[in-house]
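Below is one structure, written out as structure tokens; comments come after it.
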Amino acid sequence: MNPEESPLQFPCDFPIKAFGRDTGDFDDLVLALVNEHAPEVTRDMLSTRSSRAGRYVAVTVNLRARSRDQLDRIYRALSAHERVLAAL
């Protein structure tokens with residue numbers, strides 16, 4: 001998609017959600033991957049939710065996105081990591 005065609009107006013607040021196995025440090029992994037492209041994101045900008053059985057966890061990062069390119073880079077980094085099962 002061409003950046004001019006994006007329905008988003010940047011900068012904007014944007015939630016990114018990553019899912020993975022609950023290994024106790026999945027939120028640290030997500031934070032590290034996001035920080036590569038958005039170093040201003042801190043732990044207090046994360047929220048986590050465990051699955052009913054506790055085997056999986058969803059980490060939501062609420063960030064101030066600067067551009068479509070930045071969001072694309074974050075999604076690529078999350079999706080490429082073997083511990084991240086899905087990124088939305």
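Any value given below was found using the heavy atoms of this structure, including those in side chains, with hydrogens, waters and symmetry copies removed.
Here the side chain of S50 pairs no donor or acceptor atom with the backbone of G54 at under 3.5 angstrom.
Once rounded to the nearest 0.5 Å, the distance linking CG of D69 with NE2 of H37 reads 9.5 Å. Here the CZ-CG distance, from F14 to L8, works out to 6.0 Å after rounding to the nearest 0.5 Å.
Pairs of residues two or more places apart, or lying in two chains, that qualify as salt bridge (Lys or Arg N to Asp or Glu O under 4.0 Å) and include a residue from residues 35-48 are D27-R43, D28-R43, E40-R66.
Nearest heavy-atom pair, P15 versus N62, reported as atom, atom and distance to 0.1 Å: CB-OD1, 3.4 Å.
Here the side chains of L63 and I74 are in contact, with some heavy-atom distance below 4.5 Å. Contact annotation: the side chain of F19 approaches that of K17 to within less than 4.5 Å [non-hydrogen atoms, C-beta and beyond]. Using a 4.5 Å cut-off on side-chain heavy atoms (C-beta onward), Y56 and D22 make no contact. The shortest side-chain heavy-atom distance between L71 and F10 falls under the 4.5 Å cut-off. Between L46 and L31 the shortest side-chain heavy-atom distance falls below 4.5 Å. Inter-residue side-chain proximity for V41 and V61 is flagged as met; some heavy-atom pair is nearer than 4.5 Å. Side-chain contact between L29 and V59: absent, with no pair of heavy atoms (C-beta onward) separated by less than 4.5 Å. Within the 4.5 Å cutoff, the side chain of L78 has heavy atoms near those of the V30 side chain.
With sequence neighbours left out, the salt bridge (Lys or Arg N to Asp or Glu O under 4.0 Å) criterion links R21 to no other residue.
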Using residues 80-88 as the side-chain source, report each donor-acceptor pair under 3.5 Å to any protein atom, sequence neighbours left out, with the distance given to one decimal.
{"residue": "H81", "atom": "ND1", "partner": "R83", "partner atom": "N", "Å": "3.1"}
{"residue": "R83", "atom": "NH2", "partner": "T23", "partner atom": "OG1", "Å": "2.5"}
{"residue": "R83", "atom": "NH2", "partner": "D25", "partner atom": "OD1", "Å": "2.7"}

